[in-house]
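Structure, as structure tokens:
Just so we're on the same page: letters track the sequence lines, and every chain starts at 1. Treat the numbers as computed from the prediction; the structure is a model and nothing was measured.
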There are 2 protein chains.
Amino acid sequence: MDGQTGGFTLPGESGYEDLTLELAKKWGADVIRDSDGTRLSPQILNAGYDIYATLCIIRDHNEWARQHPHTQQQIFLITNPITATGDTVDIPLMERYFQEQFSINASPEAMAFWQVYDRTAGVPVPEANWAYNPNTRTVTVRGVTPWRRYTVSFLAFRVWEEINMYNHTTNHWTSEHLTQLDPRHPEVQEYLLAWLDNWCGEHQQVDVVRFTSLFYNFAFIWGGDQRNKILFSDWASYDNTVSPLALMQFKEETGYSLTAEDFVNKGNFQVTHWPPTAQKRDYMAFIHAFVASFGKKLVDVVHRHGKKAYVFYDDSWVGMEPYGERFSQIGFDGLIKCVFSGFEARLCAHVPVETHELRLHPYLFPVGLSGAPTFMPGGNPTQDAKKYWISVRRALLRAPVQRIGLGGYLHLTRDFPDFCDYIEALANEFREIKALHEGGEPYTLPVHVAVLHAMGSLRSWSLSGHFHETDKHDLIHINEALSGLPVKVSFLSFEDVKAGALQDVQAVINAGAAGTAWSGGEEWGDSRVTEALTRWVHEGGTFIGVNEPSALPGGDTYLRMAHVLGVDLDTGEKVCHGRWAYDVAPQAGLPAGDAHPARKENLYLTDGNARVLAEDNGVPVLTVNAFGKGKGIYLTSFRQDPKAARFLQNLLLYAANLDGGQFYITDNPYTECAYYPATGKLAAINMSGDAQTSRVLTPGGLLEIPLAPYGLATRQVK
Amino acid sequence: MDGQTGGFTLPGESGYEDLTLELAKKWGADVIRDSDGTRLSPQILNAGYDIYATLCIIRDHNEWARQHPHTQQQIFLITNPITATGDTVDIPLMERYFQEQFSINASPEAMAFWQVYDRTAGVPVPEANWAYNPNTRTVTVRGVTPWRRYTVSFLAFRVWEEINMYNHTTNHWTSEHLTQLDPRHPEVQEYLLAWLDNWCGEHQQVDVVRFTSLFYNFAFIWGGDQRNKILFSDWASYDNTVSPLALMQFKEETGYSLTAEDFVNKGNFQVTHWPPTAQKRDYMAFIHAFVASFGKKLVDVVHRHGKKAYVFYDDSWVGMEPYGERFSQIGFDGLIKCVFSGFEARLCAHVPVETHELRLHPYLFPVGLSGAPTFMPGGNPTQDAKKYWISVRRALLRAPVQRIGLGGYLHLTRDFPDFCDYIEALANEFREIKALHEGGEPYTLPVHVAVLHAMGSLRSWSLSGHFHETDKHDLIHINEALSGLPVKVSFLSFEDVKAGALQDVQAVINAGAAGTAWSGGEEWGDSRVTEALTRWVHEGGTFIGVNEPSALPGGDTYLRMAHVLGVDLDTGEKVCHGRWAYDVAPQAGLPAGDAHPARKENLYLTDGNARVLAEDNGVPVLTVNAFGKGKGIYLTSFRQDPKAARFLQNLLLYAANLDGGQFYITDNPYTECAYYPATGKLAAINMSGDAQTSRVLTPGGLLEIPLAPYGLATRQVK
């Protein structure tokens with residue numbers, strides 16, 4: 001294929017064969033795929049393109065599920081607490097929940113895992129004291145302590161597959177509710193392997209089976225009240241993987257039992273933004289092992305039919321963990337990631353598979369995820385596509401991705417010719433960027449930055465879900481900024497730090513609210529962590545703390561790295577202590593305002609030695625503290641945009657004791673560049689809607705590169 | 001004395017005899033006192049007035065202290081943590097401290113209480129591993145773990161009495177530093193009793209000995225660096241009461257030992273705004289017993305000389321605790337409280353002594369406490385006096401006080417004739433209010449409100465120090481509002497609640513930041529507290545929570561009363577949970593804006609049943625939740641002013657299920673009134689600088705009372 005063709009996956013649509021082939025040509029597609037709700041006709045299948053077929057393996061088996069209802073997927077639910085006003089309390093189980101999503105599992109093997117809790121005392125109630133009445137779907141608890149509160153945790157089947165439930169409800173469909181099978185059951189495994197083998201045999205024209213995704217959806221618990229429709233939504237939780245069988249097998253493998261409380265966790269569930277308990281870590285490993293093992297069996301079937309197996313990394317991804325240690329064992333040939341942001345492109349790019357593909361937004365649907373119009377009157381899909389592409393593109397300069405594509409109803413593009421033109425230009429720009437990587441890796445500054453959080457490399461780049469779902473967390477802003485910066489980025493866990501992973505790192509970033517997985521929470525209770533970091537800083541490293549880094553109650557300081565940062569946060573016990581007066585001493589290249597730091601009223605200087613680089617009405621927002629040969633830098637918060645990304649780049653240079661006069665970086669925060677030493681090519685991009693000039697220092701002198709709005713330009717440096 | 005004379009204490013000044021007697025007449029004084037820095041001449045002493053003499057009993061004994069240096073007062077200090085970079089660490093003791101305030105006590109009996117701590121691990125270092133070098137004033141610790149942090153806690157003599165240190169330093173005095181004796185030592189007791197006996201004999205014309213105050217100053221720890229001059233200042237801490245002798249006697253009395261850590265508390269000290277540990281409670285009781293016991297001996301001396309003993313409740317008040325169970329045993333005839341605010345007037349008024357006196361502000365000094373000009377060019381003492389009086393006056397309508405007075409250099413008033421006129425009017429107004437109480441107590445609404453915090457009645461009305469020192473705490477604003485409201489007010493501890501003290505209470509207020517003594521912190525970990533409150537609300541009570549009421553980590557809700565309030569605060573674990581949509585349903589008489597509620601981003605409705613009375617940009621700020629026959633009311637914060645006080649009054653009426661059509665309350669928030677049933681008199685006051693009209697419903701009809709700016713008017717109701 002020539003330079004204007006290839007690396008593009010087009011969603012074909014039966015009934016719109018001419019449009020499909022016309023746009024395939026315009027956009028340089030080499031692959032045509034189907035989508036949820038679309039099918040490909042013979043005319044498309046035979047047009048000479050490679051074909052992807054989308055498969056949600058655990059769904060669309062309603063008839064079989066009806067015959068094997070116990071093999072449906074399950075979840076632990078918890079009632080609202082009920083206050084006892086006497087010595088007996090009745091607790092209705094389903095009151096808060098969406099009745100169409102759940103069906104109580106009151107089988108003996110399930111009820112063995114139910115728990116009644118005295119939430120006031122925080123202890124379970126003995127089984128002998130309570131009984132379940134299936135007619136009223138109520139648990140009655142006897143011998144309770146009046147004025148305490150009681151809950152029931154119970155198992156329920158999830159009788160409506162969540163993605164179908166969402167689309168069905170949103171679009172007022174009247175079709176049958178789709179159910180979902182749990183492949184934990186041997187009979188399901190046997191059935192699905194045979195089914196897939198049969199399906200592959202019946203779909204000879206399919207080149208790539210595109211799994212969407214594997215078995216277990218992220219948690220999506222709906223409520224019975226329209227005023228609070230979505231009770232719980234966590235893109236990375238493991239709640240949907242549970243069953244009595246899984247719990248029994250867990251006990252066999254680990255030697256200990258999990259309880260309902262390990263899942264419902266006082267009603268909080270095991271939220272991804274919180275550090276996992278030891279039990280949750282074991283359970284995640286247990287699920288990952290199963291998903292990898294049965295996933296491999298499915299992929300083997302696909303391979304036996306001479307097809308490739310790609311996986312779409314969204315929806316039912318739980319347990320697949322693309323940075324998990326067993327992911328490679330599954331044997332996927334490619335991973336497809338839907339992207340709004342740069343960090344998602346990096347997340348995709350580094351997964352150990354042969355082919356990395358980005359499913360761009362907007363999806364070809366009338367409305368977007370948030371319900372706003374897209375391909376309908378009032379929508380502006382071109383603007384949407386451009387916004388996402390500008391975020392994604394800077395990450396693509398840093399790490400290669402082989403393919404891009406779209407999804408949805410192709411016919412919706414007919415009313416948006418400017419969108420079709422924009423995608424043509426975008427696809428060509430993508431191919432230009434892809435070609436840049438073919439000579440070798442881009443140059444990075446001599447800065448290795450490690451992001452330190454409770455999940456480490458297992459959750460490289462991503463927190464949980466998309467940017468707009470996690471944008472209250474500083475770290476997603478930092479990850480997004482880092483995704484396009486010319487530095488080496490690693491993601492470390494606290495175990496990594498203890499094991500010596502700081503050796504070749506110049507800067508560690510720990511960013512987030514107290515207690516969260518991102519700040520680290522109880523991980524900071526292990527003194528080996530602070531000892532390793534303290535030593536590393538003393539010997540020259542830079543610890544960058546954002547928001548409530550290393551925060552953990554119980555120490556003499558709230559921030560366990562306060563001695564390195566020179567600042568701490570008062571939780572109320574320092575209210576009678578004096579505060580250090582200071583002069584503000586700004587640092588060139590670090591206008592803190594660019595990072596949009598929030599005012600933190602309770603911030604104070606510990607021993608007065610930290611230098612205040614910026615303040616907000618009498619409270620520091622950016623400080624640096626010399627510590628041995630290294631330093632601690634504190635920033636109250638970080639919110640991403642082009643100037644903030646440039647601020648972070650300069651902060652990292654400052655952390656690594658490098659000045660701003662480095663080669664191959666631009667002087668203009670609205671522009672960035674990447675230099676590819678093997679070919680001597682340099683690409684500059686403009687992230688703004690205005691024309692910009694980008695100046696880049698090279699060993700051969702200053703390059704001055706004019707850039708059109710949102711433009712990309714390349715130069716030969718040597 | 002006639003209606004225009006009496007109940008007024010004037011500060012006389014030697015050398016200004018004519019002015020003294022002239023103003024005594026103008027202001028209707030019946031008592032003349034001396035002040036810090038003034039003395040009374042025979043002409044004044046013999047003018048027919050009662051005479052107060054100020055006495056700081058533990059000070060002004062420098063010569064005796066020089067001969068008995070070990071009897072000076074002491075304190076536990078703690079160094080900054082030092083990070084070990086090898087296996088030995090040197091810790092200089094005095095680096096952070098003001099060298100003129102402290103002298104290390106390295107005697108064997110003191111060093112037995114010193115501690116070296118590994119702050120990283122939170123454990124003490126064995127004594128065998130460290131040694132003190134008195135020449136370098138440094139502790140060397142051997143066998144440490146590199147990269148951990150170490151502190152030394154040690155005893156020091158406080159060789160400069162803090163009030164003298166403050167005045168000396170502020171006014172650049174050159175006089176000898178005054179020291180202070182610790183009456184814990186038997187030889188000091190013997191000396192002081194003899195000294196006081198002698199003093200009383202030599203001062204026959206003194207009618208009242210005005211103790212300022214007793215033995216132990218509040219903690220006031222100064223730093224060695226001008227950038228952080230006051231390291232720690234806590235008006236109610238017990239840090240200054242300690243000594244090896246006290247610690248040994250404590251062990252004898254209680255059977256267990258306190259350690260340095262019980263005082264320095266990781267460097268936080270035992271801040272008053274935090275709930276006391278069990279050890280601190282024992283220690284407070286121990287000190288209170290001693291202060292009461294030796295205080296009584298001093299008062300007995302005064303009484304033997306036919307004089308009265310009053311105590312000025314400020315400065316060296318620690319251990320005196322006017323609401324402590326042993327206070328009455330001391331035998332004081334009167335208590336004098338310096339006041340800026342209404343809550344301080346109530347604090348004074350309810351102490352079990354015969355005479356209650358308010359020392360009004362401003363003090364007759366050139367500058368005020370904050371350093372702003374008062375009786376000098378640029379000052380406006382009349383405006384200051386009026387501001388404080390308007391705050392105090394409303395409290396005086398609710399509870400009787402027998403006397404008011406001033407202090408300082410009388411001659412400074414000469415340049416401020418309007419001040420002299422204003423004090424004349426103020427004194428007459430005071431006498432008018434005093435007379436109102438003579439027939440009996442004022443009418444209160446049928447509302448009994450209990451303020452619930454960790455200190456209960458021991459800290460009735462006050463948190464710690466003056467309003468402006470504690471104004472970040474919601475509760476001081478609430479106490480100030482309550483001080484002038486026509487309701488019954490109690491202060492309950494958590495022990496009181498468990499013991500059944502809620503019986504005749506309509507509303508409980510719990511207000512403050514998480515963890516503080518005012519919110520309650522760990523007191524909420526005792527389920528008997530929530531059970532008692534839950535039952536009481538269910539049976540009809542109203543629990544009013546402000547800011548982070550009942551907050552304690554570790555439960556299934558952060559607010560332990562969330563089930564009653566219907567709201568909770570997300571600490572980060574509910575970030576994936578849905579939020580309830582709501583409609584705002586305002587309640588008549590409760591415009592939340594009047595209470596100045598802060599936006600709390602992390603507030604959420606627990607089960608959707610709470611009614612939202614007001615919100616701020618999508619987050620509720622005032623809610624009410626029906627619970628049994630009672631209710632829970634939540635307010636994000638409270639800041640006092642006349643409209644906020646009216647809001648609180650209406651909130652309490654609402655809590656008690658009373659409508660706004662009550663007798664003897666005004667319709668205008670800038671005015672308040674008090675009705676005295678025994679005499680049928682009603683007094684109305686105007687708290688604003690504008691003329692107001694106040695309408696008051698009585699059984700005989702509506703009273704309409706015009707009020708001059710800041711005016712007071714009385715009416716005969718029956």
Side-chain angles (χ1 to χ4, degrees), chain A residues 80-81 83 85 96 119-122 145-149 151 219 223 225 227-234 237 265-269 271-274 464 472 513-516 527 530-532 534-535 538 553-556 563 571-582 606-608 628, chain B residues 80-81 83 85 96 119-122 145-149 151 219 223 225 227-234 237 265-269 271-274 472 513-516 527 530-532 534-535 538 553-556 563 571-582 606-608 627-628:
Chain A
N80 275 334
T83 301
T85 57
R96 24 174 348 206
R119 290 291 163 196
T120 304
T145 306
W147 315 111
R148 291 192 183 179
R149 298 173 306 108
T151 60
D225 193 314
R227 284 174 54 219
N228 195 4
K229 186 92 196 147
I230 298 173
L231 291 181
F232 185 72
S233 168
D234 184 348
S237 100
N265 184 24
K266 305 171 182 170
N268 292 330
F269 298 96
V271 58
T272 300
H273 298 283
W274 220 245
S464 163
K472 288 185 179 174
T516 60
S527 68
T530 49
E531 284 159 39
T534 301
R535 175 183 188 159
H538 202 266
D556 61 322
H563 57 293
T571 57
E573 292 190 271
K574 291 283 196 319
V575 76
C576 291
H577 287 244
R579 295 287 182 262
W580 286 88
Y582 57 81
T606 52
D607 58 9
Chain B
N80 275 332
T83 301
T85 56
R96 23 174 349 207
R119 290 292 162 194
T120 304
T145 306
W147 315 111
R148 291 193 182 176
R149 297 171 309 107
T151 59
D225 193 314
R227 284 174 55 217
N228 195 3
K229 185 91 195 147
I230 299 173
L231 291 181
F232 185 71
S233 169
D234 183 348
S237 100
N265 184 24
K266 304 172 183 170
N268 293 330
F269 299 96
V271 59
T272 301
H273 298 283
W274 221 245
K472 287 186 178 173
T516 60
S527 69
T530 49
E531 283 159 39
T534 301
R535 177 183 187 158
H538 202 266
D556 62 322
H563 57 293
T571 57
E573 291 189 273
K574 291 283 196 321
V575 76
C576 291
H577 287 242
R579 294 287 182 262
W580 286 89
Y582 56 83
T606 53
D607 58 9
F627 188 85

Practice item. Would you sort out whether A:Val575 and B:Trp274 count as a side chain to side chain contact (heavy atoms under 4.5 Å, CB included), showing the intermediate values? Key: CA-CA 10 Å; A:Val575 76; B:Trp274 221 245; over 6 Å; no

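- Neither the backbone nor the side chain of A:Thr516 has a heavy atom closer than 4.5 Å to any heavy atom of chain B.
- Ranked by heavy-atom pairs under 4.5 Å with chain A, the list B:Val271, B:Thr534, B:Asn268, B:Asp225 is led by B:Asn268.
- Heavy-atom pairs under 4.5 Å with chain A were tallied for B:Arg148, B:Lys472, B:Lys574, B:His273; the largest tally goes to B:Arg148.
- Ranking A:Arg579, A:Arg227, A:Arg96 against chain B, the residue ahead of the rest is A:Arg227, based on heavy-atom pairs under 4.5 Å.
- Across B:Pro146, B:Gly515, B:Pro81, B:Ser527, the residue that shares the most heavy-atom pairs under 4.5 angstrom with chain A is B:Ser527.
- Using a 4.5 Å cut-off between heavy atoms, B:Thr145 contacts chain A through its side chain alone, with no backbone atom that close.
- Contact of B:Asp234 with chain A is made through backbone and side chain together, with heavy-atom distances under 4.5 Å.
- Taking a 6.0 Å sphere around NZ of B:Lys229, one finds it holds more than 12 heavy atoms contributed by other residues, nucleotides or ligands.
- Both the backbone and the side chain of B:Tyr582 have a heavy atom closer than 4.5 Å to some heavy atom of chain A.
- With chain B as partner, the option from A:Ala513, A:Gly608, A:Gly122 having the largest number of non-hydrogen pairs under 4.5 angstrom is A:Gly608.
- The greatest number of non-hydrogen atom pairs below 4.5 Å with chain A, out of B:Thr120, B:Thr606, B:Leu231, B:Ile230, is found for B:Leu231.
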**Study point:** A:Arg149/B:Thr530 under side chain to side chain contact (heavy atoms under 4.5 Å, CB included): CA gap, chis, key distance, verdict
**Key:** CA-CA 10 Å; A:Arg149 298 173 306 108; B:Thr530 49; over 6 Å; no

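- A:Thr85 and B:His538 share no donor-acceptor pair across their side chains, judged by distance under 3.5 Å alone.
- With rounding to the nearest 0.5 angstrom, the NE2 atom of A:His563 is 5.0 Å from the OG1 atom of B:Thr83.
- Using a 4.5 Å cut-off between heavy atoms, B:Trp580 touches chain A through backbone and side chain atoms alike.
- Under the 30°/60° scheme for interplanar angles, the aromatic rings of B:His577 and A:Phe269 are found to be tilted.
- When each of A:Ser237, A:Gly628, A:Gly572 is scored by its heavy-atom pairs under 4.5 Å with chain B, the top score falls to A:Gly572.
- When each of A:Thr571, A:Asp607, A:Asn265, A:Asn80 is checked for heavy-atom pairs under 4.5 Å with chain B, A:Thr571 comes out on top.
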**Study point:** Derivation and outcome, side chain to side chain contact (heavy atoms under 4.5 Å, CB included), residues A:Thr272 and B:Cys576
**Key:** CA-CA 9 Å; A:Thr272 300; B:Cys576 291; 5.7 Å; no

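- Chosen from A:Gly554, A:Ala532, A:Ala219, the residue pairing most often with chain B at heavy-atom distances under 4.5 Å is A:Gly554.
- With a 6.0 Å radius and a threshold of 12 heavy atoms from other residues, nucleotides or ligands, B:Arg535 has its CZ atom at or below the threshold.
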